[in-house]
Amino acid sequence: MNLSAKELRACEDEELVKLAQAQNQPALEILITRHCAKLRTALISRYGKRFEQDAYDAVQNAGIKAYKNIKSFKGDSSFYSWFYSIAVNEAKTIFRKAKYDRYDTIDQTYDDSDKKVYEPEDPDRQINPIVATDNRLLRTLVMKQVDKLSEKLRIVVYHCDILGYKPREVAKMFQLDETTVRTRLHNGHKKLLANLQNIRNDLLG
């Protein structure tokens with residue numbers, strides 16, 4: 001099946017994956033390019049603006065690996081989820097080689113003007129620990145605690161609260177039910193608030 005570039009760009013990821021695995025190079029290029037900017041934003045939000053160039057390099061490396069290994073993608077998760085995992089691993093490798101400590105710069109790089117924050121639409125209007133923290137030092141503590149969350153909770157918190165995606169968008173990215181995403185977001189907030197309370201008690205005690 002020969003599709004024009006315009007027709008390929010209109011395809012969903014699932015269809016592009018099938019075409020790419022059938023050695024349709026334009027489909028593969030469109031599929032990878034579609035998510036590169038999103039992944040760079042995710043990595044910069046996670047590690048700070050100081051590492052913008054490294055985040056760019058990590059996504060480039062991830063794109064090369066995805067390009068070479070597309071046939072190994074089995075469709076157990078969304079393509080974005082698979083690509084995201086590769087990009088995060090590439091970023092960790094780059095940062096480890098450079099001996100970076102990203103927490104040293106969070107208080108210098110984390111700024112309200114650079115982040116879109118999603119406020120959960122839950123009926124109880126649960127407090128978002130990241131939104132509620134207006135002190136840069138405290139933001140540093142919050143970001144450290146976010147990174148300590150389990151992978152399932154961390155991914156949802158990063159994409160909803162830091163990157164500004166809505167639960168339904170994150171659900172589509174990672175092939176999850178929207179209810180599951182909202183539950184993980186709620187549990188992530190609950191865990192963060194509990195950990196921050198423990199830190200506060202330790203400081204006051």
Side-chain angles (χ1 to χ4, degrees), residues 5-6 8-14 16-17 19-21 24-73 77-118 130 136 139-140 142-149 151-166 169-170 172-175:
K6 183 177 180 180
L8 286 172
R9 285 193 292 270
C11 291
E12 296 290 334
D13 283 3
E14 292 79 5
L16 288 176
V17 167
L19 291 170
Q21 291 180 328
N24 185 316
Q25 185 172 333
L28 179 55
E29 291 174 353
I30 289 173
L31 180 64
I32 291 174
T33 302
R34 174 178 291 176
H35 297 291
C36 282
K38 191 187 304 181
L39 288 176
R40 284 196 294 272
T41 300
L43 293 179
I44 293 168
S45 293
R46 180 167 182 170
Y47 297 110
K49 279 191 173 180
R50 177 181 174 184
F51 310 119
E52 186 169 356
Q53 182 58 50
D54 294 305
Y56 183 88
D57 292 341
V59 172
Q60 276 198 320
N61 293 346
I64 292 171
K65 286 195 172 182
Y67 190 92
K68 291 180 177 179
N69 296 289
I70 186 64
K71 288 187 177 181
S72 69
F73 174 61
S77 61
S78 68
F79 175 81
Y80 176 80
S81 177
W82 181 68
F83 197 10
Y84 173 82
S85 297
I86 296 174
V88 169
N89 286 334
E90 288 300 307
K92 288 179 178 178
T93 298
I94 290 173
F95 298 154
R96 186 166 54 246
K97 287 181 179 178
K99 298 181 180 179
Y100 285 150
D101 181 356
R102 59 186 176 276
Y103 296 129
D104 287 344
T105 61
I106 286 178
D107 59 337
Q108 300 172 16
T109 59
Y110 193 91
D111 185 276
D112 286 344
S113 63
D114 300 322
K115 311 296 178 222
K116 295 184 297 180
V117 179
Y118 167 70
I130 300 173
R136 287 192 174 186
R139 282 182 185 276
T140 302
V142 171
M143 295 302 288
K144 284 185 178 182
Q145 295 305 315
V146 169
D147 216 36
K148 291 179 180 179
L149 294 173
E151 186 68 12
K152 289 181 179 180
L153 300 183
R154 184 169 64 248
I155 284 175
V156 171
V157 170
Y158 267 117
H159 282 75
C160 287
D161 291 337
I162 300 175
L163 300 183
Y165 292 105
K166 295 183 178 180
E169 294 173 320
V170 176
K172 184 177 180 180
M173 287 180 196
F174 293 95
Q175 291 187 343

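Counting only heavy atoms from C-beta outward, the side chains of L28 and N24 never approach each other to under 4.5 Å. A 4.5 Å side-chain heavy-atom check between L19 and L8 finds at least one atom pair inside the cut-off. Between K65 and N61 there is no side-chain heavy-atom pair separated by less than 4.5 Å.
Interatomic distance, L149 CG to Y158 OH, rounded to the nearest 0.5 Å: 8.5 Å. Expressed to the nearest 0.5 Å, how far CG of D54 lies from OG1 of T93 amounts to 12.0 Å. One distance of note links CG of D13 with CZ of F83; it measures 11.0 Å at 0.5 Å rounding. Rounding to the nearest 0.5 Å places SG of C36 at 9.5 Å from CG of L31. Residue N69 holds its CG atom at 11.5 Å from CD1 of I64, rounded to the nearest 0.5 Å. Atom CD of residue Q53 and atom CZ of residue R40 lie 10.0 Å apart, to the nearest 0.5 angstrom.
The minimum heavy-atom distance linking A20 with A27 is given by the pair N-CB, 4.2 Å. Nearest heavy-atom pair across A62 and E90 is N-CG, 3.9 Å. The shortest non-hydrogen separation linking A58 to A87 is CB-O, 4.1 Å.
Checked by atom type and distance alone, the side chain of R34 pairs as donor or acceptor with a backbone atom of R9 at under 3.5 Å. Distance alone, capped at 3.5 Å, is enough to place a donor-acceptor pair between the Q21 side chain and the I70 backbone. In this structure a side-chain-to-backbone donor-acceptor pair under 3.5 Å is missing from Q175 to S81.
In K38, the NZ atom is crowded: over 12 heavy atoms of neighbouring residues, nucleotides or ligands sit closer than 6.0 Å.
The side chain to side chain contact (heavy atoms under 4.5 Å, CB included) with S77 is formed by just one residue from the set F79, F73, Y80; it is F73.
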